[in-house]
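Structure, as structure tokens:
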Amino acid sequence: MIERLQTGERMSKIVKHNGVVYLCGQVGAGDTVTEQTQDCLARVDALLEEAGSDREHILQAIIWVADMADFAEMNAVWDAWVPAGHAPARACGEAKLARDVLKVEVIVTAAVKS
């Protein structure tokens, strides 16, 4: 069974299937990469909680930054957010994001807590 939460015309923010949680890409508010990453990850936390998961159950993260010059700044926030011993498989690349003001987007796949 596929369960979709916060579904709109274009997408669902959460899709659950066979004990796996798929989140839509999350962006954050703020002027700096640090602010946007912090807000983005807070949104991930909220969606994971709604889906019955948490940071310790993240399987994979894909991160897009608008400029790889911001990689270290984004990583400083990411490294403080990921629980020790629970780092997911991860990829990070540079991409043109949906709006010019966006600096980072995170896509997460996680396991449902058992």
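We use all heavy atoms of the structure for the numbers below, so side chains are in, but hydrogens, waters and symmetry mates are not.
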Residues passing the salt bridge (charged side-chain N to carboxylate O under 4.0 Å, His left out) test with D39, sequence neighbours excluded, are R43
How many angstroms lie between CD1 in I63 and CG in N75, if you round to the nearest 0.5 Å?
6.5 Å
Answer yes or no: is there a side-chain heavy-atom contact under 4.5 Å between Q6 and L47?
yes
I62 and L102: same hydrophobic cluster, using ILVMFWY side-chain contacts below 4.5 Å?
yes
From Q26 atom CD to T37 atom OG1, the distance as rounded to the nearest 0.5 Å
13.0 Å
Do Q60 side-chain atoms and I58 backbone N/O form a donor-acceptor pair below 3.5 Å?
no
Are L5 and L23 connected into the same hydrophobic cluster when the rule is that any two of I, L, V, M, F, W, Y join if their side-chain heavy atoms are below 4.5 Å apart?
yes
Minimum heavy-atom separation for A111 and S53, please, with both atom names.
O-OG, 2.6 Å
So which pairs with a foot in residues 97-114 pass side-chain hydrogen bond (donor to acceptor under 3.5 Å, both in side chains), sequence neighbours left out?
none
State the CG-CE distance between L41 and M74, to the nearest 0.5 angstrom.
9.0 Å
Check this for me: E50, atom CD, are more than 12 non-hydrogen atoms of other residues, nucleotides or ligands nearer than 6.0 Å?
yes
Looking at every non-hydrogen atom in both residues, tell me the closest pair between V106 and C40 and how far apart they are.
CG2-SG, 3.6 Å
With a 3.5 Å cut-off and sequence neighbours excluded, list the donor-acceptor pairs that the side chains of residues 78-86 form with protein atoms.
from : atom 1 : to  : atom 2 : distance (Å)
W81  : NE1    : D45 : OD1    : 3.4
W81  : NE1    : D45 : OD2    : 3.1

Please check if V33 and M68 belong to a single hydrophobic cluster, counting links between Ile, Leu, Val, Met, Phe, Trp and Tyr side chain heavy atoms closer than 4.5 Å.
yes
Can you tell me how far the CZ atom of R4 sits from the NE2 atom of H17, to the nearest 0.5 Å?
9.5 Å
Report all side-chain donor-acceptor pairs from residues 9-16 shorter than 3.5 Å, counting only partners two or more places apart or in another chain.
from : atom 1 : to  : atom 2 : distance (Å)
S12  : OG     : T7  : OG1    : 2.7
K16  : NZ     : A51 : O      : 3.0

For residues V65 and I107: do they belong to one hydrophobic cluster (side chain heavy atoms under 4.5 Å, members Ile, Leu, Val, Met, Phe, Trp, Tyr)?
no
Set of side-chain contact (heavy atoms from CB on, under 4.5 Å) partners for Q38, sequence neighbours left out:
T34, V77
Sub-3.5 Å donor-acceptor pair from the side chain of E73 to the main-chain atoms of D70, do we have one?
no
Are W64 and V27 connected, step by step, through hydrophobic side chains (Ile, Leu, Val, Met, Phe, Trp, Tyr) whose heavy atoms are closer than 4.5 Å?
yes
Under the salt bridge (charged side-chain N to carboxylate O under 4.0 Å, His left out) test, which residues partner D67, sequence neighbours left out?
none
